[in-house]
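Notes to accompany the following structure.
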Amino acid sequence: MVALSATGDFSRHSNSIQASWFTLAHAISTCGGAALERGNSTATGIASMGPTPIREEVAHIAALLESTPDREWRLRDLAAQVHLSPGHLSRLCVAAWGRTPRAQLAFIRVERLAYLLRETNEPVERCIHTVGWRNHGHAVSIFRRMMGMSPSEYRGLGRRQDPEIPDGSEHIGSPFQPF
């Protein structure tokens, strides 16, 4: 969808974008997001269970990942934080978010990387390291998979052209405002 909207001819691609959005929304609504993470084998079982309340442990893990996405989190370290086994924590997170803790962390990092690319003039490599990735190629691969384009291509779409921001290093307020 992002790649289609980036062509500059929105009216020509609006039907394709809308169709893609409805397909995605339908897939998420029918399986609770589980098919995106684990494939169709468990999606039916999870969807049939109905909404799952967010457990305190999952909420705590969400807060940890949001507050320190630059940390090199391992599943066993997260599980130890809430006194659960890694497997059990992973199952709870998939039930709550539709993705594993690792996938949730990648989602958070992509979201923050996109923000930095839009709102700062920092080099792409520095932005990638700021959000917690140490391997540039791995980060680009994940970003491309989630956003449909590389970080450099994304930056070219909506880069802030504000000469008042020196190298993007100074911001007023929280650097990670919601969209």
Side-chain angles (χ1 to χ4, degrees), residues 1-40 43 61-62 64-75 93-94 97-179:
M1 287 185 289
V2 173
L4 286 173
S5 63
T7 63
D9 189 5
F10 179 77
S11 62
R12 187 170 151 219
H13 298 290
S14 63
N15 289 341
S16 295
I17 294 168
Q18 185 176 19
S20 296
W21 169 248
F22 284 121
T23 301
L24 176 65
H26 175 72
I28 292 171
S29 69
T30 58
C31 69
L36 299 176
E37 181 63 32
R38 303 185 85 182
N40 291 331
I61 295 303
L64 283 174
L65 295 176
E66 284 285 339
S67 67
T68 54
D70 56 325
R71 182 171 168 185
E72 292 187 36
W73 288 108
R74 297 189 195 305
L75 182 58
C93 291
V94 168
W97 305 327
R99 56 175 80 86
T100 64
R102 178 184 291 269
Q104 180 68 9
L105 179 59
F107 179 83
I108 291 166
R109 286 177 174 175
V110 165
E111 183 179 59
R112 294 197 179 177
L113 179 56
Y115 176 85
L116 291 173
L117 293 170
R118 279 192 323 270
E119 300 295 326
T120 73
N121 293 322
E122 292 290 329
V124 173
E125 183 77 25
R126 183 175 294 162
C127 293
I128 285 172
H129 286 280
T130 298
V131 300
W133 276 306
R134 301 299 171 246
N135 182 311
H136 180 84
H138 179 68
V140 169
S141 174
I142 291 174
F143 191 91
R144 184 183 304 275
R145 188 175 340 123
M146 289 186 177
M147 300 298 283
M149 63 185 65
S150 72
S152 297
E153 292 167 333
Y154 182 85
R155 170 166 271 170
L157 288 178
R159 190 170 187 180
R160 182 181 220 167
Q161 300 298 324
D162 188 350
E164 297 297 316
I165 298 179
D167 298 323
S169 58
E170 298 180 21
H171 292 283
I172 297 172
S174 171
F176 301 110
Q177 299 293 328
F179 298 118

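This one's a predicted model, so the numbers in the text were calculated from it and none came from an experiment.
No side-chain heavy atom of Val140 sits less than 4.5 Å from a side-chain heavy atom of Val124. Looking only at side-chain heavy atoms (C-beta outward), Trp133 and Leu113 come within less than 4.5 Å of each other. Side-chain contact between Arg155 and Arg118 is absent, with no heavy atoms from C-beta onward closer than 4.5 Å. At least one side-chain heavy atom of Ile61 sits less than 4.5 Å from a side-chain heavy atom of Trp97. Contact annotation: the side chain of Asp70 never approaches that of Thr130 to less than 4.5 Å [non-hydrogen atoms, C-beta and beyond].
In plain terms, the two heavy atoms of Trp73 and Leu65 that are nearest each other are CD1-CD2, 3.7 Å. Between Ile128 and His136, the shortest heavy-atom distance links the atoms CD1-ND1, 3.2 Å.
Ser67 places a side-chain N or O within donor-acceptor distance of the main-chain N or O of Leu64, the cut-off being under 3.5 Å. The backbone N or O of Gly137 sits nowhere less than 3.5 Å from a side-chain atom of Ser141 that would complete a donor-acceptor pair. The closest donor-acceptor contact from the side chain of Arg102 to the backbone of Leu75 lies at 3.5 Å or more, if one exists at all.
How far CZ of Arg71 is from CZ of Arg74: 10.0 Å, rounded to the nearest 0.5 Å. For the atom pair OG (Ser152) and CD (Glu125), the distance works out to 10.0 Å, reported to the nearest 0.5 Å. Atoms CG and CD, from Leu105 and Glu72 in turn, are 10.5 Å apart once rounded to the nearest 0.5 Å.
Between Arg112 and Glu66, at least one side-chain nitrogen of the basic residue sits less than 4.0 Å from a carboxylate oxygen of the acidic one, meeting the salt-bridge criterion.
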Show me, pair by pair, the donor-acceptor contacts under 3.5 angstrom made by side chains of residues 143-151, not counting sequence neighbours?
unit_1 : atom_1 : unit_2 : atom_2 : d
Ser150 : OG     : Glu153 : N      : 3.1
Ser150 : OG     : Glu153 : OE1    : 3.4

